[in-house]
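Below, each value reflects all heavy atoms present in this structure, side chains not excepted, and no hydrogens, waters or symmetry copies.
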Amino acid sequence: MNFSLYFLSKNLLKIVCFSLVLMFSCSIKAQTKENPALLRKQISSSANTTQKIALLLRLSNYYITKKGELKADLDSAAILNRQAKALNVKSGDPLSAGKLIFLEAKIDKERGSKNIAFSRMKEALSYFEKHQFKEQAGEAYNELSYMYDNNPEYFDTKIKLKEKALELFKNSGSKLNQAGVLKDLGELYYIKENSDKALGLLKQSLSVYQSVKFRELQSVYNLISQVEIQKADYEEALRYGLLAEKTAESVNDYSLQMCSIYSNIGMVYYYLRKNDDAMKYWEKSLATAKKNKDNTYIRTVANNISTMLIRQKKFKQAITMIQEYRERYPIVDKDFEMSENYILFSTYTILKKFNEAEAYYKKLVTYYGENAEKNNQQASLLRSFVFYHYQTRNFDKMYREARLFDSIAKNNGNDMLRSENHLMWFKADSIQGKYLDAIQHYQLYKKLSDSVFNGEKSKQINSLKIQFETEQKDKNIQLLTHKAKLQDIKIANDTFIRYVFIGSILALILFAALLYNRSRLKSNANKNLELKRKQIDEQNEQLKKLLSEKEWLLKEIHHRVKNNLQIVISLLNTQSAYLDNEDALMAIQNSQHRMHAMSLIHQKLYQSDNLSMIDMSWYIYELITYIKECYSSDRKINFTVDTDKVFLDVAQAVPMGLIVNEAVNNTVKYAFPDDQKGEVSVSFKNTGDHLCELIISDNGVGLPEDFNIEETESLGMNLMRGLTDQLDGTFNLENKGGLKVTITFRKNTEITPSN
């Protein structure tokens, strides 16, 4: 029914839009952009008392404005305030003393101690005014305005406080604060439906922000767009809404602010009857609200979407959506709940589901009163009540509500609403057989609707009347020239049509030629691209074959090197069978161990897919296992291996393996004489920044006290030092409670492990 659709599209969306603005203004705190870790570091290192107090106040303000209002944050802010207060007793700085009172008031406000917060904020304001601190006094006035609820009865008080703050900010030259207060004032006047005043203030705010090159203007653009919606200038509303979206994206703002922007653009498209665009933006707004996990925003946007579903006569979907979102995203806000009850009540009334409608009617009456006196919603609610009583045939209540509604609409001068009311009155009288009363109400309906029509069309009718009188005076002249004019018009039309026809043919020929040329160029380009693609594919196949052959050859080389080393080891083993000299046998055994250390590297390379890098954790484990097996199983030596998964190339893996071989062999041979028990620890770690550290330690007898590494003739020790130099590393010995060998070097990074 037209009545209900008008009610939902005009009144309900207005309520939902205003609730979004109020919610946004009270839920978004100005988060201070500070680095708390850096501030704490500066506080601990600062020797200047005044500077330290200022840093403590900045950190305290950070915790006060931090999102979430956690008790721990407020406790931190209070502790920092007390520390600053103790320091300020010594310094006696008057400005810091006032700021301390100001921040204490903000902490009380965030804790919910409203009366204490009011008292302390007024104390701070009095202090700032007494000491002529204009900017700080402006901040106190502005903060005091936020302490009043977003209830219409406090709007005038909030406006007066902000106007005082604005004057002080102008006198102190604080541009950013000026712009912020101008924006807040514009928002308040917008909610009061004084759109001209709101627009002027918001454009002043925009100008001041731009003068200081402030980039984050999305909230100002968004508010201007909402005011333009209020003025029904949807072209300007859309322009500023899209500016808000573009600005928010440029500064990566995807907070709840972006949710409001998307919702607002969707509202513009709703009024422009562009349903698809409206739904697209409302869905983006809903997704943003869900990402920010804000139930109030989620429910608000969901209500907008439900009104679109009602416009599309998808009543069941609209009802389901509201009910599901109530259950999934609970909030505690009675006014908000009533706005949703308002939608459900009207929708069930349209569907003539009177049992369901009655339940919501009772809730609305309980909250707003039977005559809907509360919260400035009387006209809208009464209108819906009249329609409900008419549909349920409760004519006594309908007449009572209709009389009250007619009185309100008459006082507001809204003849259109009065005419619709009397039309419904006429229908109710007709149903009951009150034909005389019905005639009277129908006459009033016609009179009021004609009055609306006459009021809207009076200028047009007057213009037509003057035109008619002029035409009557010139009638004779027009009759004499009529035929000539018709002939001229016919000739002009024929000429115009001929030129249009010729021009159209030429345009079609040109368009066809362009299409043909474009098609030919596209075909040639596709052929060239296809040829190049085939060439690239062939080259890729050749490269794959070459790479496969290279990998096979490298594996074969490593395999052969490993086999050759094994052959040499076997030859040395055979040779040792013919020797009786203990020193010679020991030299051959040492050579075998060194060759096995190198052989393991080549074995790992041909067994793995990675032909350039060695996993040293595997390698060290295998090498230690081999060394243990080479000595008698009766040796009571326990090995502990602790390695990270570090990859080295062959150039570093070989000297590294030889060092491990030498160090461990020396330890096994000399650290534990007479078959003593002992512990040997091998550790290889990645210590960061591409640095590696090898530690081989034991709890054996250690080196002699007169040992000098520079004068030693030990082959093993000199070999380890030489190999360490080859790694560009550092070699260190620690002879305490055993021997500890530490080697540190930087890992090559030109090649990284592919596996």
When you measure from the side chain of [X] to the backbone of [Y], do you find a donor-acceptor pair of N or O atoms at a distance under 3.5 Å?
X: Arg120; Y: Lys109; value: no
X: Arg311; Y: Tyr270; value: yes
X: Thr300; Y: Thr296; value: yes
X: Thr366; Y: Lys362; value: yes

[X] [atom1] to [Y] [atom2] distance, which is reported to the nearest 0.5 Å:
X: Gln226; Y: Glu187; atom1: CD; atom2: CD; answer: 7.5 Å
X: Leu286; Y: Cys259; atom1: CG; atom2: SG; answer: 8.0 Å
X: Thr349; Y: Glu358; atom1: OG1; atom2: CD; answer: 10.5 Å
X: Leu206; Y: Gln210; atom1: CG; atom2: CD; answer: 4.0 Å
X: Gln391; Y: Phe354; atom1: CD; atom2: CZ; answer: 5.0 Å
X: Ser407; Y: Asn421; atom1: OG; atom2: CG; answer: 11.0 Å

Do [X] and [Y] have side-chain atoms, one donor and one acceptor, less than 3.5 Å apart?
X: Glu129; Y: Tyr141; answer: yes
X: Tyr325; Y: Asn303; answer: no
X: Lys175; Y: Ser211; answer: no

State, to 0.1 Å, how close [X] and [Y] come at their nearest heavy-atom pair, and which atoms those are.
X: Ala244; Y: Ile261; value: O-CD1, 3.7 Å
X: Leu168; Y: Gly138; value: CD1-N, 3.6 Å
X: Ala278; Y: Gly266; value: CB-O, 3.3 Å
X: Ala117; Y: Met147; value: O-CE, 3.8 Å
X: Asn341; Y: Arg326; value: OD1-NH2, 2.5 Å
X: Ala318; Y: Ser306; value: CB-O, 3.5 Å

Any chance [atom1] of [X] has more than 12 other-residue heavy atoms, nucleotides or ligands included, within less than 6.0 Å?
X: Lys290; atom1: NZ; value: yes
X: Phe395; atom1: CZ; value: yes
X: Glu153; atom1: CD; value: yes
X: Lys291; atom1: NZ; value: no

### Task
Tell me whether the centres of the aromatic rings in Tyr271 and Tyr234 are closer together than 6.0 Å.
yes
### Query
Would the Phe345 and Tyr360 ring centres measure less than 6.0 Å apart?
no
### Query
Taking 4.0 angstrom as the limit, do Glu245 and Lys284 come out as a salt bridge?
yes
### Query
Salt bridge or not for Glu236 and Lys231, using N-O below 4.0 Å?
no
Mind checking whether [X] and [Y] have side chains closer than 4.5 Å, heavy atoms only?
X: Met338; Y: Lys334; result: yes
X: Ile298; Y: Asn295; result: yes
X: Ile159; Y: Tyr189; result: yes
X: Tyr262; Y: Glu283; result: no
X: Asn292; Y: Thr288; result: yes
X: Leu436; Y: Gln440; result: no
X: Lys197; Y: Tyr190; result: no
X: Arg383; Y: Glu420; result: yes

#### Entry: side-chain contact (heavy atoms from CB on, under 4.5 Å) evaluation trace for Leu351 with Ile319
CA-CA 11 Å; Leu351 295 172; Ile319 292 168; 4.0 Å; yes
#### Entry: Candidate pair Tyr254 and Glu249, rule side-chain contact (heavy atoms from CB on, under 4.5 Å), full reasoning
CA-CA 7 Å; Tyr254 291 96; Glu249 287 174 349; 3.6 Å; yes
### Message
Show, in sequence, the C-alpha distance, side-chain angles and deciding distance for Phe426 and Tyr445, and conclude whether the ring pair (Phe, Tyr, Trp, His ring centres under 6.0 Å) test is met.
### Response
CA-CA 8 Å; Phe426 154 73; Tyr445 157 69; 7.9 Å; no
### Task
Please assess Phe315 against Leu309 for the test side-chain contact (heavy atoms from CB on, under 4.5 Å), listing each intermediate value before the final yes or no.
CA-CA 7 Å; Phe315 301 112; Leu309 294 172; over 6 Å; no
Within 45 degrees of the axis of the six-membered ring of [Y] and under 6.0 Å from its centre: does [X] put its NZ or CZ there?
X: Lys192; Y: Phe155; value: no
X: Arg393; Y: Tyr390; value: yes
X: Lys363; Y: Tyr342; value: no

### Message
Ring-plane angle category for His422 and Trp425, please: parallel below 30°, perpendicular beyond 60°, tilted otherwise.
### Response
parallel
### Message
Consider side-chain hydrogen bond (donor to acceptor under 3.5 Å, both in side chains). Of Lys158, Lys160, Glu163, Lys162, which one does Ser145 pass it with?
### Response
Lys162
#### Entry: Identified ring pair (Phe, Tyr, Trp, His ring centres under 6.0 Å) counterpart of Tyr361 within the set Tyr348, Phe385, Phe387
Phe385
### Verdict with supporting geometry, Thr247 and Glu216, side-chain contact (heavy atoms from CB on, under 4.5 Å)
CA-CA 7 Å; Thr247 305; Glu216 298 179 10; 6.0 Å; no
### Message
Going by side-chain contact (heavy atoms from CB on, under 4.5 Å), Tyr281 matches just one of Ile265, Asn264, Val268. Which one?
### Response
Ile265
### Summary
Residues passing the side-chain hydrogen bond (donor to acceptor under 3.5 Å, both in side chains) test with Gln218, sequence neighbours excluded, are Asp253
### Query
Mind checking what makes ring pair (Phe, Tyr, Trp, His ring centres under 6.0 Å) contact with Tyr148, not counting sequence neighbours?
Phe118, Tyr154
### Message
Walk me through whether Arg239 and Glu228 qualify under salt bridge (Lys or Arg N to Asp or Glu O under 4.0 Å).
### Response
CA-CA 10 Å; Arg239 183 168 76 87; Glu228 295 291 4; over 6 Å; no
